[in-house]
Amino acid sequence: MNIGIFRLFRTKISTRVTDIGTTSFTSKNSVATIVGFRTMASMVNYPSSNGKGDCPGYYIPGGSKGLIVLQEWWGLNEQIKKEAQDISGLGSGAVSIIAPDLYRGAVAKDRETAGHLMGDLDWMGAVKDVEATAKYLIGQGCTKVGVTGFCMGGALSFAAAALVPELTAAAPFYGIPSKELADLTSIKIPIQCHFAELDEAVGFSSPAEYNKLRSELERAGVTMEFHTYKAGHGFTNHESPLGTYNKELAGLALKRMMDFMLKHL
């Protein structure tokens, strides 16, 4: 596995970002504010062909469109649960969401532990968990299922787009998987890519990597949107230890993602 993300998190990086115009996303303590809209969430378990057995997931029921939200390297912590709730709010109940627990209960509180958890992850097993999650959502009545994810989850979203036939659309955020895991030029579903122009995770999601990937996807004829933001790695994470969270850019990116999913699911 590439070590670029580990290098990035060794020291806190301060990044200056530019402001943008207003968006329909408003936030207080990172939770999306949708007038008159609240969601109920619960933990569920479903079969997975991952060798670790059944996959747990944080499930937010909604409409017949399904969306999988994949965690960062920290695990299924409160931050990613809040992110899933934000995303659910942006869909105004039209989307059923699951954030699968790829670490099976383990949650990192510090970068060293997160690095060990990500380093020990069976990436193909995690892709099988994505497949299992898609099948679970279909079993709950979803007619189409998409996937999005951040950092490690972004890389897995790309891989799943290439490897999981149950998926209809994907929107990865700042993460690229190894070529050994998946050939991204084989992706047949529409994708919407989100990257940070000030990303310093060399070898994982920096401009050098994502510009190369963009060229490869264009040459392969992959149906895609490609968005970059003047921000650092993890700019949608309100708890990012890098200090890169940007409310306005996060709102813009997440709204773009939801609009994309509502269009394709």
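All residue numbers refer to positions in the sequence shown, counting from 1.
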query = Distance from Asn237 atom CG to Glu83 atom CD, nearest 0.5 Å?
reply = 7.0 Å

request  = Quick one: closest heavy-atom pair of Ile98 and Gly57, and the distance?
outcome  = CG2-CA, 3.9 Å

query = What residue pairs, at least two apart or across chains, pass salt bridge (Lys or Arg N to Asp or Glu O under 4.0 Å) with a residue in residues 135-149?
reply = Glu131-Lys135

Expected list for residues 102-110: side-chain donor-acceptor pairs under 3.5 angstrom, two or more places apart:
{"residue": "Tyr103", "atom": "OH", "partner": "Trp73", "partner atom": "O", "Å": "3.0"}
{"residue": "Tyr103", "atom": "OH", "partner": "Met118", "partner atom": "N", "Å": "3.4"}
{"residue": "Arg104", "atom": "NE", "partner": "Asp54", "partner atom": "O", "Å": "3.0"}
{"residue": "Arg104", "atom": "NH1", "partner": "Asp101", "partner atom": "O", "Å": "3.4"}
{"residue": "Arg104", "atom": "NH1", "partner": "Asp129", "partner atom": "OD2", "Å": "2.8"}
{"residue": "Arg104", "atom": "NH2", "partner": "Gly53", "partner atom": "O", "Å": "3.0"}
{"residue": "Arg104", "atom": "NH2", "partner": "Asp129", "partner atom": "OD1", "Å": "3.0"}
{"residue": "Arg104", "atom": "NH2", "partner": "Asp129", "partner atom": "OD2", "Å": "3.4"}
{"residue": "Asp110", "atom": "OD1", "partner": "Glu112", "partner atom": "N", "Å": "3.1"}
{"residue": "Asp110", "atom": "OD1", "partner": "Thr113", "partner atom": "N", "Å": "2.8"}
{"residue": "Asp110", "atom": "OD1", "partner": "Thr113", "partner atom": "OG1", "Å": "3.0"}
{"residue": "Asp110", "atom": "OD2", "partner": "Thr113", "partner atom": "OG1", "Å": "3.2"}

query = Between atom CD of Glu239 and atom CD of Glu72, what is the distance when rounded to the nearest 0.5 Å?
reply = 9.5 Å

Qualifying residues under side-chain hydrogen bond (donor to acceptor under 3.5 Å, both in side chains), relative to Thr168, sequence neighbours excluded = none

task = Mind listing the closest non-hydrogen atom pair of Thr236 and Tyr174 along with its distance?
result = OG1-OH, 2.6 Å

task = Measure centre to centre between the rings of Phe226 and Phe195, then say whether the value is under 6.0 Å.
result = yes

note = Hits for salt bridge (charged side-chain N to carboxylate O under 4.0 Å, His left out) against Asp122, two or more places apart or cross-chain, chain-then-number order -> none

Shortest non-hydrogen contact from Trp74 toward Pro241 = CZ2-CG, 3.6 Å

ask   = Would you find a donor on one side and an acceptor on the other, under 3.5 Å apart, between the side chain of Glu209 and the backbone of Ile176?
value = no

query = Can a salt bridge be assigned to the pair Lys82 and Glu78 using a cut-off of 4.0 Å between side-chain N and carboxylate O?
reply = no

task = List in chain and number order the residues that pass side-chain hydrogen bond (donor to acceptor under 3.5 Å, both in side chains) with Lys179, two or more places apart in sequence or in another chain; answer none if no residue qualifies.
result = Glu216

query = Residues in side-chain hydrogen bond (donor to acceptor under 3.5 Å, both in side chains) with Glu197, at least two apart?
reply = Thr228

request  = Check whether any side-chain N or O of Thr244 sits under 3.5 Å from a backbone N or O of His233 as a donor-acceptor pair, and report yes or no.
outcome  = yes

key: Side chain proximity check, Met257 to Ile87, heavy atoms < 4.5 angstrom   = yes

task = Nearest 0.5 Å please: distance from the CD1 atom of Ile97 over to the OG1 atom of Thr133.
result = 13.0 Å

Name every donor-acceptor pair, under 3.5 Å, that has one atom in a side chain of residues 61-70 and the other anywhere in the protein, sequence neighbours excluded.
{"residue": "Lys65", "atom": "NZ", "partner": "Leu265", "partner atom": "O", "Å": "2.5"}

ask   = Checking side-chain contact (heavy atoms from CB on, under 4.5 Å) for the pair Ile189/His264: CA distance, chi angles, key distance, verdict?
value = CA-CA 10 Å; Ile189 63 175; His264 291 287; over 6 Å; no

query = If you take all heavy atoms of Ala159 and Leu184, which pair is closest and at what distance?
reply = N-CD2, 4.2 Å

task = Please identify each residue that fulfils ring pair (Phe, Tyr, Trp, His ring centres under 6.0 Å) with Tyr46, with sequence neighbours left out.
result = Tyr136

request  = Of all the heavy-atom pairs spanning Ala169 and Phe260, show the shortest one and how long it is.
outcome  = CB-CE2, 3.9 Å

inquiry  = Has Ser215 got a side-chain atom pairing as donor or acceptor with Asn211's backbone, closer than 3.5 angstrom?
reply    = yes

query = Going through the distances and angles, do Tyr229 and Glu248 end up as a side-chain contact (heavy atoms from CB on, under 4.5 Å)?
reply = CA-CA 11 Å; Tyr229 306 83; Glu248 288 75 24; over 6 Å; no

key: Between Tyr58 and Gln71: side-chain donor-acceptor atoms closer than 3.5 Å   = no

ask   = With sequence neighbours excluded, what pairs up with Thr148 under the side-chain hydrogen bond (donor to acceptor under 3.5 Å, both in side chains) test?
value = none

query = Taking the side chain as C-beta and beyond, is there a heavy-atom pair between Phe158 and Ile191 under 4.5 Å?
reply = yes

query = Roughly how far apart are His194 NE2 and Arg256 CZ, rounded to 0.5 Å?
reply = 7.5 Å

task = Sequence neighbours left out, what passes salt bridge (charged side-chain N to carboxylate O under 4.0 Å, His left out) with Glu166? Give chain and number order.
result = none

query = Between Lys255 and Asp259, is there a salt bridge with N-O shorter than 4.0 Å?
reply = yes

request  = For side-chain contact (heavy atoms from CB on, under 4.5 Å), just list the numbers for Leu137 and Tyr59, CA-CA rounded to whole Å, side-chain angles, deciding distance to a tenth of an Å, and then say yes or no.
outcome  = CA-CA 9 Å; Leu137 284 169; Tyr59 178 42; 4.1 Å; yes

request  = Could you pull out the closest heavy-atom pair between Ser157 and Ala170, with the gap in Å?
outcome  = O-CB, 4.2 Å

message = As a quick check of understanding, evaluate side-chain contact (heavy atoms from CB on, under 4.5 Å) for Ile60 and Val95, giving each step before the final call.
response = CA-CA 9 Å; Ile60 306 170; Val95 182; over 6 Å; no

task = Only counting residues at least two apart or in another chain, list the ones meeting ring pair (Phe, Tyr, Trp, His ring centres under 6.0 Å) with Phe150.
result = Phe173

request  = Please round to the nearest 0.5 Å and tell me the distance separating atom CG of Leu156 and atom CG of Leu121.
outcome  = 6.5 Å

key: 4.5 Å side-chain heavy-atom contact, Leu252 and His227   = no

inquiry  = What's the separation between atom OG in Ser240 and atom CG in Asn246, rounded to the nearest 0.5 Å?
reply    = 11.5 Å

request  = With sequence neighbours left out, write down each residue that passes salt bridge (charged side-chain N to carboxylate O under 4.0 Å, His left out) with Lys212, or none if nothing qualifies.
outcome  = none

